[in-house]
Amino acid sequence: MQQKVENYEISGNPYIEVDYAGKYMNKPDMEGKSVSIIGLGYVGFPLACACAESKCNIYGIDIDPGKVKLINEGICPIHDNELQKNFNNTRFPATNDFSVVGRSDIVVVCVPTPVDARHNPDFTPLERASRGILPFLKKGHLIIIESTVNPGACEEVVQPILEKSGLKAGKDFDIAHCPERIDPGNTTWTVKNIPRVVGATTPEGLRKALDFYRGILDAEIIPMNSIKEAEATKIMENSFRDINIAFVNELAKSFSAMGIDVVRVIKAAATKPYSFLAHFPGCGVGGHCIPVDPYYLIKKARKNGFNHRLLQAAREINESMPSYTVNLLMEELEKLHIPVKKAKIGILGVAFKPNVADTRESPAFKIIKLLSEKGAILHVFDPLVKEESTVGSIEELIDNSEAFILITSHREFLNMDMERIKQSNIKVIIDGRNCLDKEKILGMGIIYKGIGR
Ligand code: SAJ
């Protein structure tokens, strides 16, 4: 298939001649290319499937024996029906044996880059993956890092470990960075069609990386001038989102005090056909990307003597939302003279975003902790996170609660049985994602509080 290549603004790009990046190109043939993918989570697993689909000689590597076993039994290790369907036709072998790296031309690292309790970048998984590669690193290898990191991390964390082999990056092997852009649960934008940016240590390394991604994906692959540029692109994307969410969260608090429904205002602003991108307030910002990535930039910049005041302020605003949400409930219980101690409170949703089972950095945990510390009796239900649920259904939660907080707008919650709520003992509903029918709830004589509405 003719690979559509836009004319990139590549002025000054020392790595790529115009003819390579500016013209239409044939899709590079990846058949038989030997590829190892380290980390078979929501990033590495679909990428491995794409490699298998392009008939690469693909090895999946993961340190989790349970995940390796599932994959070798043909079971997708992620709760995702689309991925499972795709995997049925794009099987690949998984192992926890890094020696397959020695039989690969390209190694792609897709491991988590979390922060610790003090919000410091935790490079442990990336360092462990790099040390796993080290004994099998060879001349001509292309090592691609997809994990989200701050500018400089590939050359300051990964490269020194790999060069313990005696081989030299940029001379004996290449490092590239192609930040992952997977949006879990998104069936419109998938690993196959999301545009990507790539930076590498040398022009040859960049070519190899461009060929690899253009060979296995059907997306625009944009060459960058350096690894740092590629690292900076992803960190900026996610910091941009965190700041915009913080902006509407702050507006929610401000407009609420003025009796203005901030959701209606955001939707009205979104009618402006240019230069506005709607974000919405909520009970907190979870996930392994948005609440984490800005800290990588904040910490790195601080080492260079720069203080990201705006990024820091956005993080503080977003981190305040769980307690803001609990306080909304406390205020209403107080008005009803219902002591929070021993009050029966429902918690609807634990996952960090709708229709996924992922609970990383979910605001639910902070909300549960705050209410538990106040002595409330909690009934937790998330249809996708059974292990955190304390009741077996939304009906059981409704029947046993005096109030509830909706934390995750799972599709199961959007059309909950309002009649049952009406018949129940529920007096207060806190809608942490502004996704319930406010008028209907008020019409039933139940107190409704959203986030900014
Ligand atoms: N959230 C809000 N208000 C919003 C949007 C999100 O409060 O307007 C909250 C969500 O409830 C969730 C958290 O922020 O708790 C993160 O939500 P998210 O939609 O950003 O979900 P993620 O973490 O899966 O973000 C991914 C990211 N993708 C990658 O890092 C590759 C991010 O870059 C994308 O922008 C995002 O998907 C997306 O746009 O869906």
Side-chain angles (χ1 to χ4, degrees), residues 40-43 45-46 62-88 112 114 182-187 282-289 291 322 325-326 329 343-373 376-418 420-421 424-426 429-433 435-436:
L40 301 173
Y42 76 90
V43 175
F45 180 83
D62 203 289
I63 59 170
D64 176 349
K67 197 175 277 187
V68 168
K69 183 170 180 295
L70 280 175
I71 290 170
N72 288 331
E73 289 167 356
I75 299 167
C76 171
I78 303 159
H79 175 93
D80 186 315
N81 299 330
E82 289 302 311
L83 281 180
Q84 179 61 63
K85 244 190 290 180
N86 183 27
F87 186 39
N88 297 338
I182 293 287
D183 181 18
N186 191 329
T187 51
C283 57
V285 175
H288 38 276
C289 305
T325 304
V326 168
L329 173 64
K344 299 185 194 71
I345 310 292
I347 300 289
L348 274 182
V350 178
F352 83 86
K353 77 175 193 179
N355 312 319
V356 299
D358 195 334
T359 63
R360 283 176 285 186
E361 306 286 331
S362 173
F365 296 120
K366 291 176 194 131
I367 290 171
I368 287 170
K369 182 171 181 294
L370 286 168
L371 285 171
S372 303
E373 285 166 354
I377 297 168
L378 301 182
H379 300 301
V380 181
F381 178 66
D382 186 314
L384 299 181
V385 190
K386 295 281 197 267
E387 66 276 17
E388 297 291 347
S389 299
T390 60
V391 293
S393 70
I394 185 168
E395 290 76 13
E396 190 181 349
L397 180 141
I398 290 171
D399 295 349
N400 292 284
S401 302
E402 299 169 80
F404 70 72
I405 300 181
L406 183 142
I407 293 173
T408 318
S409 50
H410 286 315
R411 60 173 71 86
E412 290 87 341
F413 297 159
L414 302 184
N415 43 26
M416 68 178 82
D417 182 351
M418 285 298 177
R420 193 176 196 114
I421 292 177
S424 75
N425 199 18
I426 284 172
I429 291 177
I430 306 293
D431 183 359
R433 296 295 175 197
C435 63
L436 299 176

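Quick caveat, the model's predicted, so the values are computed rather than measured.
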Closest heavy-atom pair, Ala343 versus Glu402, reported as atoms and distance to 0.1 Å, is CA-OE2, 3.4 Å

Donor-acceptor contact present, side-chain Arg360 to main-chain Gly287, <3.5 Å: no

Please name the pair of heavy atoms, one in Ala376 and one in Ile345, separated by the smallest distance, quoted to 0.1 Å. CB-CG1, 3.9 Å

Taking the side chain as C-beta and beyond, is there a heavy-atom pair between Ile421 and Phe404 under 4.5 Å? yes

Residue set satisfying salt bridge (Lys or Arg N to Asp or Glu O under 4.0 Å) with Lys353, at least two apart, ordered chain then number -> Asp183

Which distance, rounded to the nearest 0.5 Å, do you find between the CD1 of Ile367 and the CD1 of Ile407? 4.0 Å

Sub-3.5 Å donor-acceptor pair from the side chain of Asp62 to the main-chain atoms of Leu40, do we have one? yes

May I ask you to test the Leu406-Leu436 pair for a side-chain heavy-atom distance under 4.5 Å? yes

Compare all side-chain heavy atoms of Phe45 with those of Pro77 and state whether any distance is below 4.5 angstrom. yes

With Glu82, which residues qualify under salt bridge (Lys or Arg N to Asp or Glu O under 4.0 Å), at least two apart? Lys85

Between CG on residue Leu348 and CG on residue Leu397, distance to nearest 0.5 Å: 5.0 Å

If you take all heavy atoms of Pro291 and Gly286, which pair is closest and at what distance? CD-O, 3.2 Å

Kindly give the heavy-atom pair with the smallest separation between Tyr42 and Cys289, and that separation in Å. OH-SG, 3.9 Å

At their closest point, which heavy atom of Gly349 faces which heavy atom of Ala364, and how far apart are they? O-CB, 3.8 Å

Euclidean distance, Phe381 CZ relative to Glu412 CD, rounded to 0.5 Å: 7.0 Å

Rounding to 0.5 Å, atoms NE2 (His79) and CD (Gln84) come to a distance of 11.5 Å

Would you confirm whether Asn355, through its side chain, and Arg411, through its main-chain N or O, come within 3.5 Å as a donor-acceptor pair? yes

Shortest non-hydrogen contact between Gly74 and Phe87, atoms and distance: C-CE2, 3.4 Å

Gap separating the CD1 atom of Ile394 from the CD atom of Glu396, nearest 0.5 angstrom: 12.0 Å

Step-by-step side chain to side chain contact (heavy atoms under 4.5 Å, CB included) determination, Arg420 to Asp399: CA-CA 8 Å; Arg420 193 176 196 114; Asp399 295 349; 2.8 Å; yes

Under the side chain to side chain donor-acceptor pair (under 3.5 Å) rule, what pairs show up with a residue in residues 378-391, not counting sequence neighbours? Asp382-His410

Is it true that, when you exclude Asn81 itself, more than 12 heavy atoms of the residues, nucleotides or ligands shown sit nearer than 6.0 Å to its CG? no

Can you tell me how far CG of Leu378 sits from CG of Leu371, rounded to the nearest 0.5 angstrom? 5.5 Å

Under the 3.5 angstrom rule, does the side chain of Ser362 hit a backbone N or O of Phe365 as a donor-acceptor pair? no

